Amino acid sequence: MNSVTDQMTTLKNDRFLKALLREPVDVTPVWMMRQAGRYLPEYKATRKKAGSFMDLCKNPELACEVTIQPLERFELDAAILFSDILTIPDAMGLGLYFAEGEGPNFKNPVQNRASVDKLFVPDMEQELGYVMDAVRTIRRELNGRVPLIGFSGSPWTLATYMVEGSSSKDFAKVKGMLYEDPDSMHKLLDITAQSVTQYLNAQIDAGAQAVMIFDTWGGALTTRDYKNFSLAYMQQIISGLKRENEGRKVPVIMFSKGGCQWLEDQANAGADALGLDWTIDIGLARNRVGNTVALQGNMDPTVLYASPERIREEVAYILDSYGKGEGHVFNLGHGIHQHVNPEHAKAFVDAVHELSKPYHR
């Protein structure tokens with residue numbers, strides 16, 4: 001066996017993977033979106049050493065370092081690759097950069113059909129080789145400690161940045177293209193979906209043991225447009241993903257922020273688990289999807305600004321709402337905020353493990 005396969009056979013903690021596949025576990029597994037990030041002083045130190053955010057992303061050793069940092073503080077049940085959702089459009093030649101104190105920007109945004117026609121599927125080991133090198137490095141350093149999650153943005157979410165040229169509050173440009181020139185939008189989304197499929201499969205080949213599709217802006221669409229311009233392309237990706245590697249199933253998580261009104265459609269898209277934001281009661285979500293998929297979520301991240309006692313109360317409420325049985329991965333409803341006290345994050349993780357034991361007997 002090769003070294004990666006050897007690591008698979010000695011995975012010390014696989015409750016996260018089991019829960020995604022709705023298999024029995026001893027306690028509810030927990031991890032946090034953006035768990036490697038600005039709320040940790042050690043992350044800030046490493047980012048300063050790297051020089052910039054993108055320099056950090058493109059340095060496999062430093063990306064590995066920050067990926068593992070939260071595992072040194074908290075008893076998390078999974079690590080997630082440290083990267084950015086906009087690596088694919090950057091590799092397509094759009095020129096990603098981060099201005100001081102601002103979010104992501106593109107030098108060459110997609111503005112019309114001519115710029116759509118210039119898009120291409122990047123080479124995963126050339127233009128995006130630094131991501132695969134990071135995955136391989138992290139798997140080696142984890143040494144079977146916990147599973148590694150790979151991820152990508154959804155085609156629609158990537159398209160919002162590609163067309164807007166940066167983050168947006170009203171999505172005027174990208175929705176303008178959607179409504180005025182739907183053929184161009186579909187072409188943009190299709191080539192992006194092809195890229196995401198290859199990107200996630202390359203991460204799986206490099207060692208990712210589960211993958212997640214972040215549809216951060218799916219909730220900005222109407223019901224019809226969500227199904228046609230977001231969900232359809234995530235379904236296309238899921239149907240093209242490798243679902244087994246190293247002799248083990250590779251679960252897929254799909255997360256549409258602001259999209260809980262479409263849970264039934266999401267549950268039929270082929271993913272193993274759905275991520276939930278905090279706007280829905282997880283017990284109601286479980287009743288709606290039944291045993292079709294596992295559920296990941298869904299505490300409001302701002303609860304972590306409260307006292308550890310209040311955090312425990314919220315954890316207890318969500319566990320009770322989900323109820324007994326398998327198929328729950330505890331997480332926040334979105335990424336952890338940068339000003340959260342790390343001790344509060346620890347209280348959250350510890351509470352999940354401690355309070356969930358009775359639900360798995």
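Residues take their numbers from the sequence shown, with the count starting at 1. Since the structure is predicted, the reported quantities are computational estimates derived from the model, not experimental observations. Atom set for the values below is all heavy atoms of this structure, side chains included, hydrogens, waters and symmetry mates excluded.
The main-chain N or O of A306 is found under 3.5 Å from a side-chain atom of H344 such that the two form a donor-acceptor pair. Side-chain atoms of Q35 come within 3.5 Å of backbone atoms of A78 as a donor-acceptor pair (strictly under, hydrogens ignored). Looking at Q209, its side chain does come within 3.5 Å of a backbone N or O of L148 through a donor-acceptor pair. N298 places no side-chain N or O within donor-acceptor distance of the main-chain N or O of G333, the cut-off being under 3.5 Å. Listed for the K187 side chain is no donor-acceptor partner under 3.5 Å among the backbone atoms of P182. Not a single donor-acceptor pair under 3.5 Å links the side chain of D215 to the backbone N or O of S154. A donor-acceptor contact shorter than 3.5 Å is absent between the side chain of T192 and the backbone of P155. Proximity of a side-chain donor or acceptor of N108 to a complementary backbone N or O of G93 within less than 3.5 Å is detected. No side-chain donor-acceptor contact under 3.5 Å links D77 to the backbone of F16. S256 places no side-chain N or O within donor-acceptor distance of the main-chain N or O of G259, the cut-off being under 3.5 Å.
Checked against the 6.0 Å centroid threshold, Y305 and H339 do not count as a close aromatic pair. Aromatic pair F330/F348: centroids less than 6.0 angstrom apart. In this structure, F214 has its ring center closer than 6.0 angstrom to the ring center of F151.
Looking at heavy atoms from C-beta onward, I88 lies in side-chain contact with L128 at the 4.5 angstrom threshold. Inter-residue side-chain proximity for L17 and P251 is flagged as met; some heavy-atom pair is nearer than 4.5 Å. The shortest distance between side-chain heavy atoms of H353 and T28 does not fall below 4.5 Å. Between E354 and V315 there is no side-chain heavy-atom pair separated by less than 4.5 Å. Taking the side chain as every heavy atom from C-beta outward, I238 and R243 approach each other to under 4.5 Å.
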Report task. List the steps, then state whether side-chain hydrogen bond (donor to acceptor under 3.5 Å, both in side chains) holds for Q69 with T46. Result -> CA-CA 10 Å; Q69 282 171 350; T46 305; 2.9 Å; yes
**Report entry** R286 vs L295, side chain to side chain contact (heavy atoms under 4.5 Å, CB included): CA-CA, chis, key distance, verdict
**Finding:** CA-CA 7 Å; R286 188 182 188 188; L295 295 175; 4.0 Å; yes
Requested in this report: Could you check D84 against T87 for side-chain hydrogen bond (donor to acceptor under 3.5 Å, both in side chains), going step by step and ending with a plain yes or no?
Outcome: CA-CA 6 Å; D84 190 81; T87 51; over 6 Å; no
Report task. Please report the C-alpha distance between M162 and M92 in whole Å, then the side-chain angles of each, then the deciding distance to 0.1 Å, and finally whether the side chain to side chain contact (heavy atoms under 4.5 Å, CB included) criterion is met. Result -> CA-CA 10 Å; M162 293 164 73; M92 289 177 167; 3.7 Å; yes
Requested in this report: Check step by step if side-chain hydrogen bond (donor to acceptor under 3.5 Å, both in side chains) holds for T160 and T157.
Outcome: CA-CA 5 Å; T160 64; T157 291; 5.5 Å; no
Requested in this report: Apply the test side chain to side chain contact (heavy atoms under 4.5 Å, CB included) to residues D350 and F74: give CA-CA distance (whole Å), side-chain angles for both, the deciding distance (0.1 Å), then the verdict.
Outcome: CA-CA 8 Å; D350 291 347; F74 318 124; over 6 Å; no
Report task. Determine, stepwise, if the pair M54 / F98 fulfils side chain to side chain contact (heavy atoms under 4.5 Å, CB included). Result -> CA-CA 8 Å; M54 284 310 294; F98 288 81; 3.6 Å; yes
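Atoms CG and NE2, from L304 and H337 in turn, are 8.5 Å apart once rounded to the nearest 0.5 Å. Once rounded to the nearest 0.5 Å, the distance linking CD of E65 with OG1 of T137 reads 12.0 Å. The CG atom of L276 lies 12.0 Å from the CH2 atom of W278; values are rounded to the nearest 0.5 Å. Between D90 atom CG and L158 atom CG the span is 11.5 Å, to the nearest 0.5 Å. Here the CD1 atom belonging to I318 is positioned 12.5 Å from the OG atom belonging to S356, to the nearest 0.5 angstrom. Here L71 contributes atom CG and L142 contributes atom CG; the two are 6.5 Å apart, rounded to the nearest 0.5 Å.
Note that K58 lies in the cation-pi zone of Y130, set by a 6.0 Å cut-off to the ring centre and a 45° limit from the axis.
Salt bridge K257/D277: absent, no basic N to carboxylate O contact under 4.0 Å. Remark: K357 does not engage D26 in a salt bridge, criterion side-chain N to carboxylate O under 4.0 Å. Under a 4.0 Å N-O distance rule, the pair K173/E180 does not qualify as a salt bridge. A salt bridge links R113 with D117: the closest approach of a Lys/Arg side-chain nitrogen to an acidic carboxylate oxygen falls below 4.0 angstrom. R310 has a carboxylate O that lies under 4.0 Å from a charged side-chain N of E314, or vice versa, which qualifies the two as a salt bridge. For the pair E164 and K175, the salt-bridge criterion is not met [side-chain N within less than 4.0 Å of a carboxylate O]. Contact check on R73 versus E42 returns a salt bridge, with a Lys/Arg side-chain nitrogen under 4.0 Å from an Asp/Glu carboxylate oxygen. Ion pairing between D14 and R248 holds under the 4.0 Å rule for side-chain N and carboxylate O. Look at D205 and K242 and you find a salt bridge, because one of the NZ, NE, NH1 or NH2 atoms lies within 4.0 Å of a carboxylate O, short of that distance. Ion pairing of R136 with D133 is present here, as a side-chain N (NZ or NE/NH1/NH2) and a carboxylate O approach within less than 4.0 Å. A salt bridge is absent between E75 and K346: the closest approach of a Lys/Arg side-chain nitrogen to an acidic carboxylate oxygen does not fall below 4.0 angstrom.
Aromatic ring pairs are classed by plane angle as parallel below 30°, tilted from 30° to 60° and perpendicular above 60°; the pair Y322 and H328 is parallel. Ring pair H186/Y233 is tilted by interplanar angle, where 30° to 60° counts as tilted.
Under 3.5 Å, the side chains of W262 and T223 contain a donor-acceptor pair of N or O atoms. Checking Y161 against W217 by side-chain atom types alone, a donor-acceptor pair falls below 3.5 Å. Side chains of E264 and N268: a donor-acceptor N/O pair is absent below 3.5 angstrom, by distance only.
Closest approach of L86 to P104, counting heavy atoms only: CD1-CB, 3.4 Å.
Heavy atoms of other residues, nucleotides or ligands lying less than 6.0 angstrom from CZ of R38 number 12 at most.
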